[in-house]
Colleague: 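Got a structure here, written out as structure tokens. Questions coming.
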Amino acid sequence: MSKERIILALDVSDADYALELVDRFSDHIEIFKVGLELFSSAGPSVVRSIQDRGKKVFLDLKLHDIPNTVARAAIAATRLGVFMFNIHASSGFEAMRRCRDSVVELCLKENLNRPKILGVTVLTSLGQNTLKEELGIQHSLRTHVRQLSSLAMKAGLDGVIASGHEVSMIRNYCGKNFLIATPGIRPSWRPPDDQKRTMTPREAIREGADYLVIGRSILSQPDPLKALDLITIEMLTAK
Ligand code: C5P
């Protein structure tokens, strides 16, 4: 179960190292996340190499642009064959809708697998104060996450990325089929780093997250496979 639900964030810049990690975790992880750092340095070829190994890729580029541009990027990601990608929900309804419609149309026309599209709500590195004081958003963080989640749902996205603290609220509001991927996961033995809205693996699963996106709590540990083992045990004992 945890094999399908932990997404390992390959937050490295070297393609060879990234692929070494994929091989090392191959028996334990099905979905690997390629984010801004790895994609900017190694490009689509690293995504293909991961997929050639029989693994799925979550392309975490957090698209945030005008509707035409995000829709075209979404088409490129779909042709690349990724399992999942994301767009900032604050790009607005039209951008998300165009993204989804272009992907659906392309997949029907070219008989491709349709990637799951998730909306990024509020980054887990942001807290209530940052939202208010830096971004000028006056309502509460939870209200903001709820608003962005319901906008993503209305636009036809498959789900959202949100911190563990908002999972049950989103679940109640958007229903059980709406996917929720949760970063900011910190077991009790790992400091929060730059993340603010953190949660342990056990709590996040209890709250109802479908996927846990985990990077440093595994990869920066002295024994990463052991760290994954501990996290897996926590998840299995969550229910
Ligand atoms: O190392 P750590 O587990 O904090 O990494 C979390 C990963 O999840 C990072 O790759 C980060 O880019 C990603 N992420 C996030 N918050 C989001 C979406 C993605 O932290 N809202």
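Order of appearance sets the numbers: ligands from 1, and atoms from 1 within every ligand.
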Colleague: Residues in side chain to side chain donor-acceptor pair (under 3.5 Å) with N86, at least two apart?
Modeller: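 Scan of N86 (side chain to side chain donor-acceptor pair (under 3.5 Å), adjacent residues dropped) gives D60.
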Colleague: Please check: side-chain N/O of D210 versus main-chain N/O of A181, any donor-acceptor pairing under 3.5 Å?
Modeller: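 Not at all, since once roles are kept as given, no pair shorter than 3.5 Å links the two residues.
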Colleague: Do R186 side-chain atoms and T198 backbone N/O form a donor-acceptor pair below 3.5 Å?
Modeller: no
Colleague: Using a 3.5 Å cut-off on N/O to N/O, what pairs does ligand 1 make with the protein? A line per pair would be great.
Modeller:
residue	atom	partner	partner atom	Å
ligand 1	1 (O)	R216	N	2.8
ligand 1	1 (O)	R216	NE	2.7
ligand 1	3 (O)	R186	NH1	3.3
ligand 1	3 (O)	G215	N	2.8
ligand 1	4 (O)	R186	NH1	3.3
ligand 1	4 (O)	R186	NH2	2.8
ligand 1	4 (O)	Q195	NE2	3.0
ligand 1	4 (O)	R216	NH2	2.9
ligand 1	10 (O)	D11	OD1	3.2
ligand 1	10 (O)	D11	OD2	2.7
ligand 1	10 (O)	K33	NZ	2.7
ligand 1	16 (N)	T124	OG1	3.1
ligand 1	20 (O)	T124	OG1	3.3
ligand 1	20 (O)	Q195	NE2	3.0

Colleague: Flag yes if L148 and L123 sit in one hydrophobic cluster, no otherwise; membership is Ile, Leu, Val, Met, Phe, Trp, Tyr, and two members link when side-chain heavy atoms are under 4.5 Å apart.
Modeller: yes
Colleague: For E105 and S102, test the side chains for any donor-to-acceptor distance below 3.5 angstrom and give the result as yes or no.
Modeller: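 Their side chains do not contain a donor-acceptor pair, so the 3.5 Å distance test is not met.
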Colleague: Honestly curious: do I161 and M169 fall in one hydrophobic cluster under the side-chain, below-4.5 Å linking rule?
Modeller: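 Cluster IDs for I161 and M169 match.
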